[in-house]
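Keep in mind that the numbers below use all heavy atoms, side chains included, and drop hydrogens, waters and symmetry copies. Within every chain, numbering begins at 1; the chains are lettered A, B, ... in the order of the sequence lines, protein sequences first and strands thereafter. Please read these numbers as outputs of a predicted model, since none were measured by experiment.
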Amino acid sequence: MAAEQQNLTKMISAQLRNKANEFLNSRKHANNLADILQMFDAETDNYTPLLLTIEVIFSELLKRGDLVQEIIPLKPIDHSPEAEYTRWLNECYEAALVRCLECIWRGRTNSRLQALVTACKLMQIEGQNPLETTNGYYFPSVRLKNIFTVLLDSEITMSAPIARFQEFTEYKDVQQYGLKVLSTIGYKKSPSSIYMQNYLELLDKLLANEIPTEVKNKIKERDEDKEEKVLCAAEGKPQFKYHAAVCRRHANRCWGFACQWALCEQPRAHRRALLLLVERLMPLLARPHLATDMLCDSLDAGGPISMLALQGVLELVRRHNIDYPDMYDRLYAMFEPEMFATRYKRRLVHLADIFLSSTHLPEGLVAAFAKRLSRLALVASPEDAISLLQLVSNLLLRHPALKRMICYEDTPAIMCADPYVMEETSAAGSRALGSSLWEVSALRRHAAPAVGAAAAAVLAAVQPRPRAQPLQLAPPDVAMFDAEMKKRFKTIEMNFMRPQGMALPSNERLVQYWELMA
Amino acid sequence: MAKVKNKRNSGLADKVHMKKKSEANKKKLNPFEVHINREKLKVLGKKSKHDRGLPGVSRAKAVQKRKETLGVEMKVMNKTNAFIDRRIGEKNNQLSAEDRMIARFAAERAKQHSKKSIYNLADDEILTHRGQTLEQIEKFDDPRSDEEDDDGGKKFGGLDDDFVAEGHFGGGILSKTDAQDGAKSHKDLIEQLIAESKKRKAEKQKEKEQTLDLTEKLDSEWKDLQPVVFKKARVEEESLIDKLLSKAEKGQDYDKMMRELRFEKRGTPSDGLKSAEKQEAEERKKLEELEKLRQQRMLSEEEATAPKSTQATAKHRSADDLDDNFDLEDEQEFMLAYDKEGKPLVPEHVLKDFSVPNAKPKFNDGISDTSSEDEGNGEDEESEQEDDSSKEEKSNEEGREKESSGEEEGEEDDDDNSENESKDEDKSETEQILPKANGNVTENIDDSKETKDTLDDESGSEEEEEEDDDNEPAVKDDNVDDLNDLKGSEAESDEEIEEENEEKIGSFFDLKSEEGVKLKELLDGKSPTQQSAVLQKLIKSYDPSLSENNKELLSRLYAHMLQYVNDLFSNLRDDGEAMKSFLVFDKLVPHFYDLAHTNKVSSKKFMCDLLKEKHDKFKKNPRKVPDLDTLIFFKLVSCLYPTSDFRHPVTTPSLLFMSEILTHSRFKDAYSVSRGLFITALILEYTVLSKRFVPAAINFLRGILYLCANTSILNPIQVVPPFRLHRDVKILNLEHDCSNMAVQHKMAVKDLVDKDITDSFKVSCLLNCVLMLKEYFNNCNDMEAQEAIFEAHIKLLGRVDLDLYPNKVKSMVTEVLQHMKESLEVKTYTPLAREKVRPKALRLYEPDIQEVFTGSKSSKLSREKAEKARLESKYKKEMKGALREIRRDKAYIASVKIRQKIQSDNIRKEKVKQIYKDASIQQGELNKLKRMK
């Protein structure tokens, strides 16, 4: 079946190529264009060959300038066949664009992506060869607007096409005009969740290229002349002028729309918005403290959302002098076993490292963190345990008073219970300073050698020599299994007792619990 | 005194001196000869040697000494011949005559042990016994012959003393006749004598024959015993032949035997038969040693090296170092310099130390990816998985190709075993043999299909599964037969089959591509014991000692067996089939052990590759617990490799793999829960010796208890991912009263296969979970954090409605719970403290002791200089003395010479005078004659 289909598509694309070539070679085959456009009506899920054909035809036409209508003011419309033909071509172009945009939300993913790319390519070529003669720089904003409208107003999530669109947002002009267009069409009273999703994603992609802030602007000015990528640059025309301030203003406007929506109701959109805010928008916002409320609400939401909000709050606290009550207790509350299931756990550990790097924190609080982190490391997977242990060792190094948790200077009095109270919500009240990091010494016996080593490193933090190292968060895809596999060994030890069967001669446990052979 | 130049004169002076001294001591001092030296400066307590002297005496002494040494030397000067008496101790009158003899004898003996004769032991020395040399005694003659000489001990040809006294020399006749009436005549007497001696001779003859018989009997017995004593197969055969020969020629057997005995290799004392006990003890000792090594490997590197590190390398220390371990950082100092743009040139590590944590790291955890994990939106998850898998597939394929080539090179370096595997061969083979997790063996081994296979594996796996579904009914029928086979007819063995087997074994490694198929053919359709026997035969027939490349062949067999086990455990449909697989596996394990021991390196490589492949497969869908075809290899690893090592090339990854499964997979049906428990038991097995801490297993048990317990939303007890609070369905929660149900203590094979959760499954899950929990708990007994680890478990156990469970289970669970609570109650917490470091004593310097305080200049000098000064002054003194002696020697020689000269002059003068005298006499006579005329 699949092979047949492939043959069919191959045949079709060959046919289409022929037709397009014929059309482009002579006007005799003008009807070919109409035929091709008609083929969009056919029910199929793969429009790729058609889209490619259209792209070829119209980019050629645009380059040739066949589509340019010469409109001379105060003159009746020219009815010469030449003009008629041009007009007809223009109509076809518009129709093709509409079809193309339709294809963005129809059919297979590949085909949808191709449709988007075709639309963008045509937009590029139109920008380079404008339909109306202009002197300055020209950007076909209308086309971009159409594309955006399609991307936003759809019943389905457009994450794949929007992700693909990122390759175009690298162009400075697309970024600038994109933000402008988005700020004009973005406003909507009560949008659907999918709209919000798409909107936020699109905004995220548009901001993927960092917009320089004023401070950096001057330093970087010289370098950027060379690097700047412009989509619709045509030779012999004035250069595109990039205005960072304009971009920022538009971005602010876009965010302004989003702020009015009920973002916090759907966790997905909420998370997306928070990610957008903390990753991209924070430095751009004109008045970032306006986001405080949203961040604070998010911080209370718990789970991954609060982890994301934490970063925003950190930014506010660090750069905008915002004081936030119970900051550390909230952070403390985030360290729960559930954090291992979220994908933001590494971010959280990193943020905690920054938060706790202040040397002016009360000792009891930091001790509580150390205790809690090591408690968590007891149940964590090896990879997580290592990063948590690193954090603990940084705490120990930065706050020398915590030394008593690993080396008790006074005569060791034997306690009958751990003074630390895990259930206590306030970090300062958990009486951690009287406790010891027994968890770390337990982790020295962890089955994974790397964790044992990390725990030993924590216990060795008493020595005054090492300074706190920046956390080295292992990339998540480097698994400990592979690392162990790569280890070299001098000898391969073998068991020295020959088993008589499945059961080991001593210390058999599997057969003790499983009746496998009866 | 002149230095002695001649060797033969060495020591002469001393001897002379000694001799004279003893004589001089006897002499009385003549007061007129004494000269008292005036003392210029009197020092108290100073013994003066030179306060008085005997100038005349000492001068005479010196002259005498010179006369005896220098004078003699002068005398023999320019004379080549000299008589030297070299008899040892001849001149030494202190030695007694006996001592002298002893000394001479010792010198004689010492001379014999020269270099030349060192190897000819007892060559020249002939030992004697009673004047006879041993050679003379040890004539290996017939022992019978010298028995005849024995009666030489009795005098007079064995006649009684009485008889001799009576009969000989006629002396007895008279007395006899006197004494006895019925006296026998002399003739009678002689006759009696003859008869008696004959009788004696006959008796002796008889006796001799008896001993001869006995000897022969002994000889024959010895012959039988011989092979036992000199244990050697060859000898045994020979002795058999000997026996035959000896039957043929009985007459010569004795000589032959004797010669044999003489030239036979004697049994060496070292390989005497060890008693069973001794062997056992030795074995035990060996095992103990290995166990000790294992214990050592259990420790981590730091722990192992801890005692060594205390001996720090000696560094330079200044004399006023206070031992406060204040380390000067002069090594890390650097010069601050600036580059052209004015930036300081600072080494990397310094910069790192001062840096503030980066405020904005790049996280790739969710910006580009729109889907989420936590929501649990079914749709999303699926789409994500699809995307992921499609991506991963490509990357994995590429990665695998690279790995396989890269690893080979790496591994080769590791080989410290002296293996003669040629590299090229090895490479191509391992690629071929590598067992594929999904595909069938038949395809995999084939070289041409190899590359295609790996690509098709993933896509094809689903199709294959479908195919398997079709085959299922047929397989099931087979199973029933097999099971019957198992139970009934294990003992019976068809000869035909055996013959067939042997053929197959013979040609097993003929075709590389068909080995896997052949193994399957060989093993299929047989009972486990038969399979084991066949494999045994196969392995034995390719023993590495038989041929050179057998080792390599066996390593290939190992790979095929891995593949066989993999196939055995994939797609198990019902418990009978599973049980059969386990039975077969049970029999295969010893062979795996043997094969792995014959070729450690390659077997490790195969195992690692297998684990890697399984891991890759697992990574594609980490939510699903791998099936038995993966889990069984963990068991195999624990059978082959020590699980307690701190780090091991095979066990560490497999333990990590297991813990990964328990952390990432979702446990929401019977399939996953049973496999989870299987893994937990295995992890327990891995860590039971080393008592390592595996959070994943403990978390899993917590999750299982959570699934069993009743928890309300209001009063939650936290669980650890992959279990989720309030989201997981309580699949193991017992709803009906099962208190009367029969209890099954162990988990059964059925639980691995069954799809639905029955009450008995729930019960045995809880029971085993609790029992394992107890073991894990006890493993952590010495940790202070035990409470923190197991607190939640205890709480969860408290929530389980035990009344619903069978009474026995209930009592066991409560017992465990009680045990845990009690041991936590008595637990004590000692705060972590650094190891007490013994206070270091201040360094003490060796006191500078002057033996005699003189206050002289020399004491202020350094030792070397003082020594030098001392030597110099001594040299000066000695030089002075020597010069004086030489001067006196010269004077003596001059005096001797002048004396000689004067003497010779006098003689000449005398002679001249004589001549003059004679001449004048002659002249006088002549004159007289003239006058006479």
Quick check on B:L636 against chain A: is it the side chain, the backbone, both or neither that has a heavy atom closer than 4.5 Å? neither

Under a 4.5 Å heavy-atom cut-off, does chain A meet the side chain of B:H664, its backbone, both or neither? neither

Please test A:W514 against B:N768 for side chain to side chain contact (heavy atoms under 4.5 Å, CB included), starting from the C-alpha separation and ending with a verdict. CA-CA 9 Å; A:W514 283 85; B:N768 283 292; over 6 Å; no

Would you mind checking which part of A:E493 comes under 4.5 Å of any heavy atom in chain B, side chain (CB onward), backbone (N, CA, C, O), both or neither? both

Ionic contact status for A:D482 with B:K619, cut-off 4.0 Å: no

Residue among A:L308, A:L378, A:D418, A:V440 with most heavy-atom pairs under 4.5 Å to chain B: A:L378

Quick one: are B:K286 and A:F496 in side-chain contact, heavy atoms under 4.5 Å? no

Checking A:R498 side chain against B:Y593 main chain: does a donor-acceptor pair fall under 3.5 Å? no

With only heavy atoms counted, which part of B:L677 is less than 4.5 Å from chain A, the side chain, the backbone, both or neither? both

Can you name the ring-ring contact (aromatic ring centres under 6.0 Å, His included) partners of B:H615, sequence neighbours left out? A:F481, B:F657

Run B:R702 and A:V379 through side chain to side chain contact (heavy atoms under 4.5 Å, CB included) and show every step you take. CA-CA 11 Å; B:R702 185 160 158 187; A:V379 294; 3.9 Å; yes

Hey, are the side chains of B:K746 and A:Y513 touching, using non-hydrogen atoms and a 4.5 Å cut-off? no

B:E685 side-chain N/O to A:L510 backbone N/O, donor-acceptor pair under 3.5 Å: yes

B:K750, B:K587, B:K635, B:K827: which one forms the most heavy-atom pairs within less than 4.5 Å of chain A? B:K635

With chain A, which of B:S659, B:P642, B:A681, B:A596 has the greatest number of heavy-atom pairs at distances under 4.5 Å? B:P642

Of all of A:A442, A:A503, A:P449, which one pairs up most often with chain B through heavy atoms under 4.5 Å apart? A:P449

At a 4.5 Å cut-off on heavy atoms, which part of A:P382 comes close to chain B: side chain, backbone, both, or neither? side chain

Is any side-chain heavy atom of A:R445 closer than 4.5 Å to a side-chain heavy atom of B:D782? yes

Measure B:T828 against the heavy atoms of chain A and call it side chain, backbone, both or neither at under 4.5 Å. both

Stepwise side chain to side chain contact (heavy atoms under 4.5 Å, CB included) test for B:L655 and A:E484: CA-CA 11 Å; B:L655 184 55; A:E484 280 302 321; over 6 Å; no

For residues A:V451 and B:F693, determine if any side-chain heavy atom of one lies less than 4.5 Å from a side-chain heavy atom of the other. no

What part of A:A385 gets within 4.5 angstrom of chain B, counting heavy atoms only: side chain, backbone, both, or neither? neither

Does any N or O in the side chain of A:N495 come within less than 3.5 Å of the main-chain N or O of B:S638, such that one atom is a donor and the other an acceptor? yes

Mind checking whether A:K487 and B:T652 have side chains closer than 4.5 Å, heavy atoms only? no

Would you say B:L290 and A:M497 make side-chain contact, with heavy atoms under 4.5 Å? no

